[in-house]
Structure formats: structure tokens, C-alpha cells
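Before any comments, here is the structure.
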Amino acid sequence: MLRIREDVKDALNSKKPVVALESTIIAHGMPYPKNVQVALEVEEIVRSRGCVPATIGVIKGETIVGMNEREIEFIGKEKDVLKLSTREIPLCTAQKRTGATTVSATAFIAHEVGIKVFATGGIGGVHRNVEDSMDVSRDLEELSRTNIVVVSSGAKSILDLPKTVEYLETKGVLIVGFKTDEFPAFYTRHSGIDIPEVDSEDVIAEIYREKERLSINSAILVANPIPEEHEIEREVVDRWISDALMECNKRGIRGKGVTPFLLSKIVELSGGKSLEANIHLVKNNAEVASKIALALSR
Ligand code: PSU
Ligand code: MN
């Protein structure tokens, strides 16, 4: 059971630009009602750039590509929403349940229907205590076998960023910095990790085409740093993160619960400051993703 919204279907048929958006950031990444408001504003940004937004999620067993306003409100408000990585899509649909799609599940579904560009906030990655937990996000594995462009502001330093970048290399995921030569660390523009820089959406479109010619079927991860004026100082972020991680360990939270717990704890510890930064970077990613989608449709 798959439903593609009419305007998304039309755009895909006529090779017009579409930008996929994930729903875990709505259901598990930001508090209600701000989450719904932001999701709708992000869609508006994509539209205003001449692209069609397609927010992806599962509602009562139906996989939806291009959720409408009512559905976005529902997934943002409802308490009993599963967090879906790719493997849990059938678990959710078979039982007619509601689930929000993470980067892995969104990329998978978007690619299935022919969408080439996907905007998000941050991707999952290798967790800091990976030696003990073996916690490596499914996002990385899915990006290694999905031919799609993902625009994100890097990954949060709740993760081990050097290991995350190494893992992506091992798995053959090309990372390019959009007007930066450093992998961005979500709230901050800098991580000290070098990546190749590209300076325009046209170059990214060309890289995508070259990759298709070579039949390399992995993702391009476009690392787009948070705009300078919304960046938060490194020391401040580090404090929130280490406090949040400590609380997470103390409560014995593991597995899928870790990322949502840390995100909401950081919002709490920062008095909402982290949320504001998060919103700005997501919007900025939607803009860049729209430009890339346009370049790919030319
Ligand atoms: N990082 C963020 N915000 C998010 C997520 C990650 O800064 O909302 C979400 C994304 O949906 C991502 C998922 O795909 O968390 C990764 O979860 P996990 O670490 O359990 O793989
Ligand atoms: Mn995990």
C-alpha cells in the first residue's frame, strides 16, 4: 500500500524536481507543535524554489510519499508513532500502524519511487561508545546502497564524527562539502575533519550523473553547514552533549531510543536554543536540496 500525492506523481512523470523530506525529525526530533509548524515551513521553502516537496511516512499501514497537512499534523502530535529504519517498514505496514521514517527508510522509499534528492537535518552515525554498544545507525548502510543525494548539516557530535566519516568511506558513500572543506558538526560549522569542497549545485548534479554512468549505486552526502549567524559555540554545545550523554547512560537507554532521548534532552538543557539552530539548518538544507533538484532536472 503506497500512496503518492498527485502533484508528486505528476512531477516525477514529467521529470520535474522533487525533494523528499523525512518524518522522524517531525515525530521524534522536535517537540509538538513546533515540529508541525517547521515541517510545513520547510515544505513551503521547497515550493517557493520551484520544486515539489514530498514528506514521507507511514500512516495506519499506508506508506505515503507526499503527506498532506492533516497527515503531518497527525504524525507530529500522535504519541504512538514507531521510529522506522528500513527494516521496520514491513513491521509497521503489516500491522497497519503509524511510523515516522528515519533517513534510512526515507532514502529507501524515495529511491523506490524515483526521487533523487532528499533534505534532512543530521544523519545518524557511529555512536561514541560503539566499542560497547555496537550502535551504528542504519542510515550509513542504507546510504551505501541507495543512489540518492542527501543534504544534511553533517551529524551531531552526540556521535563519534571521525568514525562516522571513516565508516562512510569504507561503505563507499561520497561526502562533499557545500562551500566548505570541513565536515560540519550540526550546531557548529567545524569538526576538524577534511572533506572535498564543491562550490555549486551544478557540480553536484554533474557528480551525480557521472556516478550513474559508472553505475555506482551509493548516495552522495552533501554536507551543508549551519549558516554562520545561527551557529552555536563549540564549548556550549559540548557541555549540553556530555550532560545529555551522561543522563542517557544513567537511565540505561539503548538502541533506537538513544537518538530521540539525546535530541530532546539537548533541547531541554539548552532552553530551546538548540531547537532554534536545528530549525535554521533544516531550512537551509531544504533550500540547497531544492537548488540541486533543479540542477538535476535541467
Ligand atoms: N539526528 C538529528 N535529528 C534527527 C535524527 C538524527 O540531528 O531527527 C533522526 C533521523 O531521522 C535519523 C535518525 O535518520 O534520527 C537516526 O536514528 P538512529 O541513531 O537510531 O539510527
Ligand atoms: Mn542505533
Side-chain angles (χ1 to χ4, degrees), residues 20-32 34-36 38-39 42 55-58 75-76 81-89 99-110 118-130 132-144 146 148 150-161 163-164 167-168 173 183-188 191 219 221 223-226 232 237 240-241 244-245 248 253-267 270 274-286:
L21 301 161
E22 61 151 311
S23 48
T24 291
I25 191 171
I26 307 174
H28 306 286
M30 292 183 186
Y32 180 82
K34 196 89 180 173
N35 56 354
V36 173
V38 171
V42 167
T55 301
I56 293 175
V58 180
I75 213 160
V81 178
L82 296 169
K83 179 181 156 198
L84 308 178
S85 68
T86 324
R87 67 168 185 179
E88 286 111 3
I89 298 171
T101 50
T102 60
V103 168
S104 67
T106 308
F108 173 79
I109 295 166
F118 164 26
T120 183
I123 60 162
V126 180
H127 282 260
R128 283 198 196 179
N129 61 340
V130 65
D132 298 325
S133 66
M134 286 255 309
D135 195 346
V136 178
S137 177
R138 177 67 205 171
D139 291 355
L140 304 186
E141 209 61 40
E142 206 61 47
L143 294 183
S144 78
T146 310
I148 196 164
V150 179
V151 182
S152 93
S153 299
K156 281 202 177 67
S157 45
I158 56 175
L159 302 170
D160 187 320
L161 297 186
K163 285 198 183 81
T164 300
Y167 196 92
L168 287 166
V173 178
F183 190 69
F186 205 79
Y187 302 120
T188 58
S191 67
L221 180 62
N224 183 37
I226 185 170
I232 305 175
V237 173
W240 298 335
I241 286 174
L245 280 167
C248 188
I253 296 167
R254 299 183 79 91
K256 316 171 67 64
V258 171
T259 301
F261 174 81
L262 292 173
L263 295 178
S264 72
K265 193 74 203 168
I266 292 167
V267 171
S270 71
S274 69
L275 183 58
E276 284 311 308
N278 200 342
I279 291 168
H280 286 296
L281 67 83
V282 169
K283 288 183 175 176
N284 190 39
N285 292 343

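Numbering of ligands and ligand atoms starts at 1, following listing order.
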What do the steps show when you test Thr106 against Thr120 for side-chain contact (heavy atoms from CB on, under 4.5 Å), and what is the final call? CA-CA 10 Å; Thr106 308; Thr120 183; over 6 Å; no
For ligand 1, which atoms sit closer than 4.0 Å to a heavy atom of Asp139? 12 (C), 14 (O), 16 (C)
Set out, in order, the CA-CA distance, both residues' side-chain angles and the distance that settles side-chain contact (heavy atoms from CB on, under 4.5 Å) for Arg138 and Glu141, then state yes or no. CA-CA 5 Å; Arg138 177 67 205 171; Glu141 209 61 40; 3.2 Å; yes
Does Thr164 use its side chain to pair, donor to acceptor, with the backbone of Val126 at less than 3.5 Å? yes
Go through the steps to decide whether Arg128 and Ser157 satisfy the test side-chain contact (heavy atoms from CB on, under 4.5 Å), and finish with yes or no. CA-CA 9 Å; Arg128 283 198 196 179; Ser157 45; 4.1 Å; yes
If only atom types and distance count, is the side chain of Thr24 paired as donor or acceptor with the main-chain N or O of Thr101 below 3.5 Å? yes
Roughly how far apart are Leu221 CG and Asp139 CG, rounded to 0.5 Å? 10.0 Å
Quick check for you: to the nearest 0.5 Å, what is the distance between Leu143 atom CG and Phe108 atom CZ? 13.5 Å
Only one of Asn224, Asn278, Asn285 forms a side-chain hydrogen bond (donor to acceptor under 3.5 Å, both in side chains) with Ser153, so which one is it? Asn285
Which residue and non-hydrogen atom of the protein lie closest to atom 3 (N) of ligand 1, and at what distance in Å? Leu263 CD1, 3.5 Å
Quick check: do Phe118 and Ile56 have side-chain heavy atoms less than 4.5 Å from each other? no
Numbered atoms of ligand 1 (with element) below 4.0 Å of Thr259, judged on heavy atoms: 6 (C), 15 (O), 17 (O), 18 (P), 19 (O), 20 (O)
Which atoms from ligand 1 have a heavy atom of His127 less than 4.0 Å away? 19 (O)
Less than 4.5 Å apart, side chain to side chain, heavy atoms only: is that true for Lys265 and Cys248? no
Less than 3.5 Å between some nitrogen or oxygen of Val103 and one of ligand 1, yes or no? yes
Just how far is it from atom CE of Met30 to atom CG of Leu263, taken to the nearest 0.5 Å? 9.0 Å
How many angstroms lie between atom CD1 of Ile109 and atom CG of Leu84, to the nearest 0.5 angstrom? 7.5 Å
Could you list which atoms of ligand 1 come closer than 4.0 Å to a heavy atom of Ser137? 18 (P), 21 (O)
For Phe186, counting its heavy atoms only, list the atoms of ligand 1 lying under 4.0 Å from any of them. 7 (O)
Polar-atom distance check: Ser104 versus ligand 1, any N or O pair below 3.5 Å? no
Where does Asn278 meet ligand 1, judged by heavy-atom distances below 4.0 Å: at the side chain, the backbone, both, or neither? neither
No waters, cut-off 2.8 Å: how many protein N, O or S atoms are close to the Mn ion (ligand 2)? 1
Glu22 N/O to ligand 1 N/O under 3.5 Å: yes
Nearest option to atom 18 (P) of ligand 1, as decided by whichever heavy atom of Lys156, Lys256, Lys83, Met30 sits closest: Lys83
Which atoms of ligand 1 are found less than 4.0 Å from any heavy atom of Thr24? 11 (O)
Nearest neighbour of atom 5 (C) of ligand 1 from the list Gly257, Ala105, Gly122, Pro260, on a heavy-atom basis: Gly122
In terms of side-chain geometry, is the basic nitrogen of Arg87 or Glu142 positioned less than 4.0 Å from the acidic oxygen of its partner? no
Within reach of ligand 1, part of Thr102 (heavy-atom separation under 4.0 Å): both
